[in-house]
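Here the structure is a predicted model, which means the values were calculated and not measured.
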Amino acid sequence: QEWKTDYQLILVDARGHGKGDRPPDPQAYTYDKFASDYVAILNQLAIKKASYFGYSMGAAIGFKGIAKYALSHFNSLILGGFNPMNTIPVAERLYFDDIVKGWSLAVKEGCQAYIASWEKRYGRPYEPKSIQTLLANDPEAIFLIAQRCADGVGVEDILPKINVPC
């Protein structure tokens with residue numbers, strides 16, 4: 001049986017990730033800039049509206065970027081692994097602190113130092129496929145993004161304005 005669909009999956013390397021752009025300016029890693037990247041992609045592909053899926057940092061971009069600056073370009077948001085509230089539970093705060101420290105180490109000593117630190121902390125080897133992905137990232141960009149994700153700034157004011165399925 002042949003399947004027909006009206007959907008297209010678009011996978012994006014966000015700024016600082018994989019083959020994504022790596023601007024040196026820290027202000028290039030703000031949520032409005034991420035949102036404008038995704039709108040530019042939609043415009044380039046002549047797509048009027050799309051559904052957005054983001055997990056972890058992708059969900060932070062969804063809440064703090066897409067929902068705030070570009071919601072009119074999306075007909076639904078699927079967001080997980082990120083708390084949109086400004087009250088971050090202790091475990092989540094510790095997790096973010098750990099990520100920021102890890103990427104700070106990667107900036108200073110390279111991604112291999114980050115991997116070794118992670119393996120020591122969690123007592124198991126880093127997944128080989130994940131190592132390839134991690135090494136393709138820009139440590140300085142990921143450090144800046146991690147700091148923004150960990151900033152503790154909630155989006156409670158945006159939540160009531162999300163007028164698409166979320």
Side-chain angles (χ1 to χ4, degrees), residues 3-23 25-103 106 114 118 127 129-130 132-134 136-166:
W3 291 90
K4 293 188 179 194
T5 180
D6 295 330
Y7 297 94
Q8 174 184 8
L9 178 63
I10 302 166
L11 300 173
V12 176
D13 280 339
R15 291 173 181 230
H17 290 77
K19 295 179 182 175
D21 288 347
R22 298 167 186 224
D25 179 8
Q27 291 307 309
Y29 298 94
T30 59
Y31 291 108
D32 61 323
K33 298 284 195 284
F34 282 109
S36 69
D37 288 346
Y38 299 137
V39 170
I41 291 166
L42 295 178
N43 290 340
Q44 178 70 29
L45 297 173
I47 297 172
K48 292 182 185 193
K49 283 197 170 204
S51 293
Y52 176 85
F53 173 84
Y55 189 81
S56 189
M57 184 200 86
I61 292 170
F63 279 123
K64 295 181 177 190
I66 300 296
K68 188 171 184 177
Y69 301 106
L71 191 58
S72 64
H73 297 275
F74 294 87
N75 50 32
S76 66
L77 305 174
I78 304 105
L79 308 171
F82 185 81
N83 180 355
M85 309 310 237
N86 71 358
T87 53
I88 297 178
V90 172
E92 194 171 337
R93 166 63 33 216
L94 293 172
Y95 170 76
F96 277 127
D97 290 347
D98 194 40
I99 287 178
V100 170
K101 285 178 195 170
W103 282 105
Y114 171 81
W118 188 95
E127 291 289 325
K129 287 182 182 179
S130 296
Q132 291 174 333
T133 301
L134 187 139
N137 295 331
D138 176 355
E140 291 182 25
I142 303 301
F143 173 68
L144 291 169
I145 296 164
Q147 283 184 310
R148 292 205 194 286
C149 287
D151 66 11
V153 176
V155 293
E156 293 89 346
D157 59 322
I158 295 169
L159 296 178
K161 297 174 187 171
I162 298 176
N163 59 358
V164 299
C166 183

How far apart are the closest heavy atoms of D37 and R15, and which atoms are they? OD2-NE, 2.5 Å
Going from CG on D25 to OG1 on T30, what distance comes out if it is rounded to the nearest 0.5 angstrom? 9.0 Å
Heavy-atom closest contact (H17 atom, N137 atom, distance): CA-OD1, 3.1 Å
More than 12 heavy atoms of other residues, nucleotides or ligands under 6.0 Å from CG of D13: is that the case? yes
Where is the tightest heavy-atom contact between Y29 and P23, given as atom of each residue plus distance? OH-O, 2.9 Å
So do the side chains of I61 and F82 get within less than 4.5 Å of each other, counting heavy atoms only? no
So CD1 of I10 and CG of L45: to nearest 0.5 Å the spacing works out to 5.0 Å
Rounded distance [0.5 Å steps], CG in D157 versus CG in L159: 8.0 Å
Rounded to the nearest 0.5 angstrom, the CG-CH2 distance for L144 and W103 is 11.5 Å
Taking the six-membered ring for Trp, are Y38 and Y52 parallel (under 30°), tilted (30 to 60°) or perpendicular (over 60°)? tilted
Taking every heavy atom of G16 against every heavy atom of I142, the minimum-distance pair comes out as O-CD1, 3.6 Å
What's the shortest heavy-atom distance between L79 and G58, and which atoms? CD2-O, 4.4 Å
After noting the C-alpha distance and the side-chain angles of Y69 and V39, does the key distance pass the side-chain contact (heavy atoms from CB on, under 4.5 Å) rule? CA-CA 10 Å; Y69 301 106; V39 170; over 6 Å; no
Are side-chain heavy atoms of W118 and D98 found at a separation under 4.5 Å? no
Does atom CD of E156 have more than 12 heavy-atom neighbours from other groups under 6.0 Å away? yes
Q8 and I47 have their tightest heavy-atom pair at OE1-CD1, 4.0 Å
Side-chain heavy atoms of F34 within contact of R148, under 4.5 Å: no
Mind checking the OG-NZ spacing from S72 to K48? Nearest 0.5 Å is all I need. 13.5 Å
Atom pair CD1/SG of I158 and C166 - distance to nearest 0.5 Å: 11.0 Å
More than 12 heavy atoms of other residues, nucleotides or ligands under 6.0 Å from CD of E140: yes or no? no
Checking M57 against I145 for the side-chain contact (heavy atoms from CB on, under 4.5 Å) test, could you report, in this order, the C-alpha distance in whole Å, the side-chain angles of both residues, the deciding distance, and whether it holds? CA-CA 8 Å; M57 184 200 86; I145 296 164; 2.9 Å; yes
